[in-house]
Number of protein chains: 4
Amino acid sequence: MTSKKNEKYQLILQGALKVFAENGYHRSQVSKIAKAAGVADGTIYLYFKRKEDILIRLFQEKLGELVGKFHDSVEGITDPIEALRTVCHIHFTELESNPELAYVTQIELRQSDLELRKEIGSALKPYIVLIENILKQGVEENRFRSDLNIKLVRNLIFGSMDEAVTSWLISGRKYPLSGQVEDTLGFFLHGISSKE
Amino acid sequence: MTSKKNEKYQLILQGALKVFAENGYHRSQVSKIAKAAGVADGTIYLYFKRKEDILIRLFQEKLGELVGKFHDSVEGITDPIEALRTVCHIHFTELESNPELAYVTQIELRQSDLELRKEIGSALKPYIVLIENILKQGVEENRFRSDLNIKLVRNLIFGSMDEAVTSWLISGRKYPLSGQVEDTLGFFLHGISSKE
Amino acid sequence: MTSKKNEKYQLILQGALKVFAENGYHRSQVSKIAKAAGVADGTIYLYFKRKEDILIRLFQEKLGELVGKFHDSVEGITDPIEALRTVCHIHFTELESNPELAYVTQIELRQSDLELRKEIGSALKPYIVLIENILKQGVEENRFRSDLNIKLVRNLIFGSMDEAVTSWLISGRKYPLSGQVEDTLGFFLHGISSKE
Amino acid sequence: MTSKKNEKYQLILQGALKVFAENGYHRSQVSKIAKAAGVADGTIYLYFKRKEDILIRLFQEKLGELVGKFHDSVEGITDPIEALRTVCHIHFTELESNPELAYVTQIELRQSDLELRKEIGSALKPYIVLIENILKQGVEENRFRSDLNIKLVRNLIFGSMDEAVTSWLISGRKYPLSGQVEDTLGFFLHGISSKE
DNA sequence: GATGAATGAGCCTTCATTCAT
DNA sequence: GATGAATGAAGGCTCATTCAT
């Protein structure tokens, strides 16, 4: 049964999320993760090739879930502006309601070398593509400017939201992140220039 | 002579920049930095309290230089839009022409715990404030929207540029970063909505 | 099995005794002890918190054994003079027949800071108390002088024997230490004054 | 002028005595001694071959002074018992009134390897010989027992006093050491047996 | 599959000693 | 003689990974 294998596998991922969030990747010994997961040290190596794999898989699983939620939520929405609002709303509320995950994605995942960054990049790819598709659709429907540099703008949008989350996290989460959805969206849609 | 003292200090910083960029912080042994700097291992500890200090100081020095350039360049510019263009232009060209520095700031500096992230944040503060002041001035002069959430927008702008640099870096620097200044500025100023 | 755990623990202690005796504490690298014990360097840290702990535990174990022997030997002896003779005899013969232990107790254990000295002192306490009890009993039975300053005299007796051992050791063990039991006892019992 | 040379030499010895007493030999860095002495690190190596030499010389100088005092005080005394009393009195009072010296001689000097212990032994020799001569004279004058094992007894006497000092020191110097001269002397002279 | 005791490579840091000034 | 910046050897300790049970 894969369910049995999944059981330990999931326990380890959950333990790792907790331990990474509390201590940071480099101060999270494998033995500490094993204890948090309630398994023996060696058991971890039955499911993960090396310590770094735990981080990668954790990210992939969690980001997969997130991207799934993005897809599900956007699916029925035909208005690209509404789709963008939904993406931003989910991005902020999901991380706001899950500080451990936020910490790991915003802080710990960056604690990795160029190689890992590329892997993270590919895991993020579906999310970036999702934004890209919204942009394309918006341009086609003439809701967005036709001269958009889409590859660039999707990155700028992602980077904006990412920085908004990181700032909120580093500030100590003193204000509600979800309260910034509309202002962020306004920035995306209209920029900062006065109408004149 | 302070020049003499500065000499070794600078040699170590330069060596560290090179070694960090090549290997990443965690794979950069102190002995490797010492060799790159042309000094003995122990000498490093005459100028830096511990290995992590090298990273912090490196960042502070280099970012200090960058912020200085921003200030110098923006000083004589009265038009806030032009000021924003200048900031973006310098941000992109400086890092484009200095890939080692780009690597360390975009990748390695993120490989640090929350504590260090806060120190980095405070070193970045003057830059963020510079953007904030441009925004304030623009609002006052009615060039920017009066309803801007300035604290948020300055972060979004910084985050956008930051992500643009990271993407360019992770892509393998296959395209000229400086070629994206105008499109980025267009995004900041007008957003993505079509005029209608 | 605790025997299995004890096995490595004992191997390390034995290795340490040998290496300390040959090289002295400060010139005994942990790796040398590990090799002598036939275990890996890291294994030592599964059983001992730090290098200094090996010395402390070694002393406590070995001194514990010695004190046990003193107790066993004295137990059935009712004559306090005979008890004192037995103590001196065991003190000299045990160390004489175990030069490695003698070296560590007389030389290396002194190579420690005040903090460790206090720990050693507390481990020695039962031995000192044993001597003290013999003195008390002797005074009660009117075999020893009633005006003895017992706290002082127990120290003087211990110090005498200790110095006798150290001198023998530093001399290169050129004469039989056990041959000095009777003269030492004579000194304790009658002092040096002529009867007149 | 040797006086000039002696000046720095003495400064270093004084600094070392202070630093050794405060920190213990192994935690007394050469640079700390240099600072306490008010000289440069390198200067120490103009007067001492290596760090260990400082300890040896310090001991030799200080012990030399002590032995000088013993000789001066005993010189005019013809009664061997009185001579022994004087020796014990000086031994206790000198170290009691100079806790830094006491600490270094009783604790730090023991923190040395067999080689150094032998050097210390030879520096102590004149003191041991002084005691030996008193014993010989006493035996000749029939004040002490004629069957004394002089080589042994001189060590026992020295060891007794030495232990008395160390115990007093480790106890935290809570009682006056000089108050134990008479009881100690009583032990030397008459031992512990009741007269009968 | 699961365990966890054992491994041993790896590395930061200290500090006695040197030597150019 | 005096300085103190520079040196670099040395070693205690950690912890990711393995493997016999």
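Atoms considered below: every heavy atom in the structure, side chains included; atoms not considered: hydrogens, waters and symmetry mates. Throughout, protein chains are lettered first and strands after them, A, B, ... in sequence-line order, and every chain is numbered starting at 1.
The shortest non-hydrogen separation linking Gly24(D) to Ser28(D) is O-OG, 2.6 Å. The minimum heavy-atom distance between Arg27(D) and Asn23(D), with the atom names listed, is CB-O, 3.4 Å. Contact record, Ile44(D) with Ile54(D): CG2-CD1, 3.8 Å, taken as the closest heavy-atom pair.
Of the candidate nucleotides dT7(E), dT14(F), dT3(E), dT7(E) has the atom nearest to the side chain of Thr43(C). In the set dT17(F), dG1(E), dA2(F), the nucleotide with an atom closest to the side chain of Lys51(A) is dT17(F). The side chain of Asp41(C) lies closest to dC13(F) when the candidates are dC13(F), dG4(F), dT7(F). Out of dT7(E), dG8(F), dT13(E), the shortest distance to the side chain of Ala40(B) is found at dG8(F). If you check dA16(E), dA6(F), dA2(F) against the side chain of Tyr47(B), the one that comes closest is dA6(F).
Not counting sequence neighbours, the partners of Glu61(A) by the side-chain hydrogen bond (donor to acceptor under 3.5 Å, both in side chains) test are Tyr9(A). By the salt bridge (Lys or Arg N to Asp or Glu O under 4.0 Å) test, Glu22(A) pairs with Lys18(A), sequence neighbours left out. Partners of Ala123(B) under the side chain to side chain contact (heavy atoms under 4.5 Å, CB included) rule, at least two apart in sequence or in another chain, are Phe59(B), Gln60(B), Leu63(B).
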Side chain to side chain contact (heavy atoms under 4.5 Å, CB included) between Val30(D) and Phe48(D), intermediate numbers included: CA-CA 11 Å; Val30(D) 171; Phe48(D) 300 88; over 6 Å; no
Test side chain to side chain contact (heavy atoms under 4.5 Å, CB included) applied to Leu17(B) and Gln14(B), step by step: CA-CA 5 Å; Leu17(B) 178 58; Gln14(B) 282 169 34; 5.7 Å; no
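Phosphate proximity of dC15(F) to Tyr45(C): absent, as no side-chain N or O sits under 4.0 Å from OP1 or OP2.
His26(C) has its NE2 atom 12 Å from the P atom of dC15(E), to the nearest Å. What separates CD1 of Ile44(C) from C1' of dG11(F) is a distance of 13 Å, to the nearest Å. Atom OH of Tyr9(C) is separated from atom P of dA6(E) by 14 Å (rounded to the nearest Å). Spacing between atom OH of Tyr25(A) and atom P of dC15(F) amounts to 13 Å, rounded to whole angstrom units. To the nearest angstrom, C1' of dA2(E) lies 7 Å from NZ of Lys8(A). Nucleotide dG1(E) holds its P atom 11 Å from the CD1 atom of Ile12(A), rounded to whole Å. Separating the CG atom of Leu46(B) from the P atom of dG8(F) is a distance of 13 Å, rounded to the nearest angstrom. In this structure, Glu7(C) places its CD atom 9 Å from P of dA6(E), rounding to the nearest Å.
Listed by residue number, Gln29(B), Val30(B) are the residues of residues 29-37 of chain B with a heavy-atom contact under 4.0 Å to DNA chain E.
In secondary-structure terms, DNA chain E builds stems of at least 3 consecutive Watson-Crick or G-U pairs, each pair having both distances under 3.5 Å, at E:2-21 with F:2-21.
Judged by the 6.0 Å distance and 45° axis criteria, Lys51(A) is positioned over the aromatic ring of Tyr25(A).
With the nearest nucleotide of DNA chain E identified for both Arg50(B) and Gly38(C), Gly38(C) has the one nearer the 5' end.
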Listing, residues 31-41 of chain B side-chain donor-acceptor contacts under 3.5 Å, not counting sequence neighbours, or none:
{"from": "Lys32(B)", "atom 1": "NZ", "to": "Gln29(B)", "atom 2": "OE1", "distance (Å)": "3.3"}

